[in-house]
Amino acid sequence: MTTSPNVAEVDDGELPKLEAIISALKCEQTGHIMEAILLYEESIFKLSQMADAEPSRRQLCGKYLKMYEARAKQLRDQVKGHLHTSRMLDHITIEQGARGRSYQRLFGPYLDDAVREAHLNEPHLTEPPHFRNLLNFLEVLVKNCRYLKYIRLTTRPDAAAPKNQLQMLQQMQSDLAGGNIQMNFQMDDSLHDRKIVLSSGVVIKIGRGLHYFEPMEGSYSLGLCDFDFRKCLATEVDIWKCRPFARRLKDSQEGEDRSEAHAYSSD
């Protein structure tokens, strides 16, 4: 069985210290596989830049590039293998004008203590309603998943107002960090798929992503806070289940992990 590189190896041979590498190793060792993959990929990119900028370290960086590229591929293959065994749990049709379809109502049954990572692909985050939808979803996610540690958001960059988009996401990132939840976000110009992937093995695909609500009729209409009151746009939701992406902890480790519920947990 292939094992992950040791954290101590990061300092061997005067390898440039990269926080992403150390974080990737720690994520893998604690079973947070999905986040580890992305951190390995981030590390690979930064090591490639270092190799180009510092020819004297090119050979050393190349050695570790091969190591981390191989490990990232192994983890990606592991995730793909899990996805190939998935089965559909539910198909939900949301009709135009329907109410009672809040994130809590739709996704709440799948958000529980088994979720330690959540990855969200949402291409459109540019308008104020988009950010309100994202914020409400994050509130539902955090409230239901007491041992959530990592959130990874991928979206398209806002070409018209990039500073505003960055400011909004950084504010949410800061708020979550105050509750001991790490949120990372990345931009992808080619992103199209809308989905939510939970470390428990649940994959949620929504035709319209998070933005399946009609515009509110007034600033203080019902639905401002409770999304069950909001009218919906027509869309389809598919919910799939495969083997968990995160390695299940041993009982002793799980006990320790449960003592580290995030600061927003009510228990």
Side-chain angles (χ1 to χ4, degrees), residues 4 23-24 26-40 72 74-92 101-122 133-134 136-154 172 176 179-186 193-207 209-210 236-267:
S4 63
S23 297
K26 289 181 178 178
C27 279
E28 186 178 352
Q29 290 167 359
T30 55
H32 299 97
I33 303 302
M34 296 191 299
E35 185 65 16
I37 293 171
L38 294 170
L39 288 169
Y40 276 131
Q74 289 169 349
L75 294 178
R76 283 195 297 268
D77 289 344
Q78 178 180 328
V79 169
K80 287 179 182 178
H82 287 206
L83 290 172
H84 287 160
T85 64
S86 62
R87 68 183 191 281
M88 182 176 285
L89 291 180
D90 201 2
H91 173 81
I92 302 168
R101 297 296 190 175
S102 66
Y103 303 132
Q104 176 62 45
R105 188 73 64 91
L106 281 184
F107 311 137
Y110 308 101
L111 303 176
D112 54 30
D113 291 353
V115 177
R116 291 179 169 84
E117 297 177 75
H119 287 221
L120 170 63
N121 286 5
E122 176 49 70
N133 290 345
L134 173 61
N136 184 268
F137 172 75
L138 292 176
E139 289 172 343
V140 170
L141 180 66
V142 171
K143 186 174 182 179
N144 285 274
C145 305
R146 294 183 298 169
Y147 306 108
L148 183 68
K149 297 296 182 184
Y150 297 97
I151 298 172
R152 170 72 66 161
L153 169 69
T154 304
M172 296 180 197
L176 288 163
N180 197 32
I181 300 170
Q182 181 176 329
M183 172 181 165
N184 294 315
F185 55 85
Q186 61 192 50
D193 290 343
R194 301 160 174 86
K195 64 181 178 181
I196 302 163
V197 182
L198 306 176
S199 60
S200 58
V202 173
V203 180
I204 302 169
K205 298 182 179 181
I206 318 166
L210 294 180
E236 306 285 330
V237 181
D238 289 327
I239 302 175
W240 296 78
K241 182 70 170 71
C242 63
R243 288 186 297 160
F245 298 112
R247 183 179 68 247
R248 182 168 178 80
L249 303 177
K250 295 180 181 178
D251 292 341
S252 59
Q253 292 175 304
E254 190 170 5
E256 293 174 3
D257 192 61
R258 289 184 180 280
S259 68
E260 297 179 359
H262 59 68
Y264 293 119
S265 173
S266 60
D267 291 347

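Reckoned from all heavy atoms, side chains included, excluding hydrogens, waters and symmetry mates. Note that the structure is predicted; figures quoted are calculated from it, not measured. Numbers here simply count residues along the sequence, with the first being 1.
With His32 contributing its side chain and Tyr150 its backbone, the two residues share no donor-acceptor pair below 3.5 Å. Without hydrogens or angle criteria, Tyr103 side chain to Leu210 main chain gives a donor-acceptor distance under 3.5 Å. In terms of modelled atom types and a separation under 3.5 Å, the side chain of Glu117 and the main chain of Glu35 share a donor-acceptor contact. Distance alone, capped at 3.5 Å, is enough to place a donor-acceptor pair between the Lys241 side chain and the Ser200 backbone.
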- Could you give me the CA-CA distance, side-chain angles and deciding distance for Val79 and Ile37, then say whether side-chain contact (heavy atoms from CB on, under 4.5 Å) is met? CA-CA 10 Å; Val79 169; Ile37 293 171; 3.8 Å; yes
- Task: Assess whether side-chain contact (heavy atoms from CB on, under 4.5 Å) is satisfied between Ile196 and Asn121, documenting all intermediate values.
- Result: CA-CA 6 Å; Ile196 302 163; Asn121 286 5; over 6 Å; no
- Give the C-alpha distance, both sets of side-chain angles, the deciding distance and a yes or no for side-chain contact (heavy atoms from CB on, under 4.5 Å) between Leu138 and Met172. CA-CA 9 Å; Leu138 292 176; Met172 296 180 197; 3.8 Å; yes
- Would you check, one step at a time, whether the test side-chain contact (heavy atoms from CB on, under 4.5 Å) holds for Val237 with Lys205? CA-CA 6 Å; Val237 181; Lys205 298 182 179 181; over 6 Å; no
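Separating the CZ atom in Arg116 from the CD1 atom in Ile33 is a distance of 12.5 Å, to the nearest 0.5 Å. Distance check: Cys145 SG to Leu198 CG gives 6.5 Å after rounding to the nearest 0.5 Å. Atom-to-atom distance recorded for Leu176:CG and Ile181:CD1 is 5.5 Å, nearest 0.5 angstrom. If you take CD1 on Ile206 and CG on Leu106, they are separated by 7.5 Å, rounding to the nearest 0.5 Å. Atom CH2 in Trp240 sits 11.0 Å away from atom CZ in Arg87 (nearest 0.5 Å). Going from atom OH of Tyr264 over to atom CG of Leu148 covers 12.0 Å, rounded to the nearest 0.5 Å.
Checking Glu28 against Tyr40 by side-chain atom types alone, a donor-acceptor pair falls below 3.5 Å. Judged by distance alone, the side chains of Asp238 and His91 do bring a donor and an acceptor atom under 3.5 Å apart. Between the side chains of Gln104 and Asn136, no donor-acceptor pair is found at a separation under 3.5 Å.
Considering only heavy atoms from C-beta on, Leu89 comes within 4.5 Å of Tyr110 through its side chain. Side-chain contact between Asn184 and Leu38: absent, with no pair of heavy atoms (C-beta onward) separated by less than 4.5 Å. Side-chain contact between Lys195 and Val197 is present, with at least one heavy-atom pair separated by less than 4.5 Å. At a threshold of 4.5 Å between non-hydrogen side-chain atoms, the residues Ile151 and Gln182 do not count as touching. In this structure the side chain of Leu120 never reaches within 4.5 angstrom of the side chain of Arg152, judged on heavy atoms. Between Phe185 and Thr154 there is no side-chain heavy-atom pair separated by less than 4.5 Å.
The two residues Val140 and Asn144 come nearest to each other via the heavy atoms O-ND2, 2.7 Å. The shortest heavy-atom contact between Met34 and Phe245 is SD-CD1, 3.7 Å. Taking both residues in full, the closest heavy atoms of Ala36 and Ala24 are given as CB-O, 3.7 Å, listed atom of the first, atom of the second, then distance. Nearest heavy atom pair, residue Val142 against residue His262, reads O-NE2, 3.0 Å.
Listed by chain and number, the residues in a salt bridge (Lys or Arg N to Asp or Glu O under 4.0 Å) with Asp77 are Lys73 (sequence neighbours excluded).
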